[in-house]
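Only this structure's heavy atoms are used, side chains among them; waters, hydrogens and symmetry mates stay out. Numbering starts at 1 and runs along the sequence shown.
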Amino acid sequence: VGLNCALGGGRVSLLLETVTVLQTLTSDALESQANAWGNCDAFTITFRTPTVFRHENRYHCLPQSDLLFGGFSRKVLSWLPKDYAEQAPELYTGVLPDQFQLSTAPLPVQHIQNLANGVVGRCTYRVLLEKDNPARLSLGMMLVLMPFFGVGAKTAMGLGAVEVARGCVI
């Protein structure tokens, strides 16, 4: 149960809201979940809110592997063991977009210069890495953490909320 408090005219009103838990993550389960995700050959990311990726001081809308995993690996660096984070560059060429259904959507953030839209929709990625490649565990860790951190730029402002599913769901 969440609690909202509003002050108005010297009166305090409290409104109790039910909070729906979408996903739970425990430290004990992180590695086992990462192993399961790392063994899949395809996964689909659903971009629930407009998403943009920042690279070399420019914003990009398409969720290319290098933009998706490069920025995300830096964001979650403290959550990943050191050797996992170093494997992120392998994901740029070993995980590729395969099928997609993407649309542009207006950004609710006014201060991103020269950009009015982000991307929403779904993109299925194919995993081309060998089954014994240790980068698969890095991939699994990142896929487990993505719904908790969001992807791309301005996630603290509500951009880049994602859901991740195994296989192709387009």
A.B. asks: What is the distance from atom CG of N133 to atom CG of L128, rounded to the nearest 0.5 Å?
C.D. replies: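 One finds 11.0 Å between CG of N133 and CG of L128.
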A.B. asks: Please report the C-alpha distance between N39 and R166 in whole Å, then the side-chain angles of each, then the deciding distance to 0.1 Å, and finally whether the side chain to side chain contact (heavy atoms under 4.5 Å, CB included) criterion is met.
C.D. replies: CA-CA 10 Å; N39 287 325; R166 287 182 181 83; over 6 Å; no
A.B. asks: Rounded at 0.5 Å granularity, tell me how far CG in L91 sits from OG in S65.
C.D. replies: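 L91 atom CG to S65 atom OG measures 8.0 Å (nearest 0.5 Å).
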A.B. asks: What are the two closest heavy atoms between P50 and L107, and how far apart are they?
C.D. replies: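 The answer is CB-CD2, 3.7 Å.
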A.B. asks: Could you tell me whether the side chain of T46 reaches within less than 4.5 Å of the side chain of R48, counting heavy atoms only?
C.D. replies: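 Yes, side chains in contact.
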A.B. asks: For a 4.5 angstrom cut-off between non-hydrogen side-chain atoms, does Y59 reach R54?
C.D. replies: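 Sidechains of R54 and Y59: in contact.
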A.B. asks: How far apart are the closest heavy atoms of C61 and N117, and which atoms are they?
C.D. replies: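 Here C61 and N117 meet closest at SG-O, 3.3 Å.
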A.B. asks: Using side chain to side chain donor-acceptor pair (under 3.5 Å) as the criterion, list what pairs up with N35, not counting sequence neighbours.
C.D. replies: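 With neighbours one apart ignored, the set is empty.
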A.B. asks: Heavy atoms, side chains only, cut-off 4.5 Å: are H60 and V119 in contact?
C.D. replies: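 No, too far: nothing below the 4.5 Å cut-off.
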A.B. asks: Out of curiosity, R136 CZ to W37 CH2, how far, rounded to the nearest 0.5 Å?
C.D. replies: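 Those atoms lie 13.0 Å apart.
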A.B. asks: To the nearest 0.5 Å, what is the distance between CG (D98) and OG1 (T44)?
C.D. replies: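 Rounded to the nearest 0.5 Å, the CG-OG1 separation comes to 9.0 Å.
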A.B. asks: To check you understand the geometry: which heavy-atom pair defines the closest contact between L62 and F53, and what is its length?
C.D. replies: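 Distance-wise, the nearest heavy atoms are O-CD1, 3.9 Å.
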A.B. asks: Hey, what do you get for CE (M141) to CE (M146), rounding to the nearest 0.5 Å?
C.D. replies: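 Reported value, rounded in 0.5 Å steps: 13.5 Å.
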A.B. asks: Starting from the C-alpha separation in whole Å, work towards a yes-or-no answer on side chain to side chain contact (heavy atoms under 4.5 Å, CB included) for L68 and I45.
C.D. replies: CA-CA 11 Å; L68 180 67; I45 296 178; 3.6 Å; yes
A.B. asks: Could you tell me whether the side chain of T49 and the main chain of G160 form a donor-acceptor pair under 3.5 Å?
C.D. replies: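 Yes; at least one donor-acceptor contact below 3.5 Å.
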A.B. asks: Roughly how far, to the nearest 0.5 Å, is OH of Y125 from CG of L139?
C.D. replies: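 Between L139 CG and Y125 OH, I get 11.5 Å after rounding to 0.5 Å.
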A.B. asks: Work out which heavy atom in Y92 is nearest to a heavy atom in D66; give both atom names and the distance.
C.D. replies: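 The pair with the smallest heavy-atom distance is CD2-CA, 3.6 Å.
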A.B. asks: To check you understand the geometry: which heavy-atom pair defines the closest contact between A42 and T124, and what is its length?
C.D. replies: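 So the minimum-distance heavy-atom pair works out to CB-CG2, 4.4 Å.
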A.B. asks: When clusters are formed by joining ILVMFWY residues with side-chain heavy atoms under 4.5 Å apart, either directly or through shared neighbours, do F72 and V120 land in the same one?
C.D. replies: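 No, because F72 and V120 fall into different hydrophobic clusters, even though each may have its own neighbours under 4.5 Å.
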A.B. asks: Might you point out which heavy atoms bring P63 and P97 nearest each other, and give the distance in Å?
C.D. replies: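 Closest approach of P63 to P97, heavy atoms only: O-CG, 4.3 Å.
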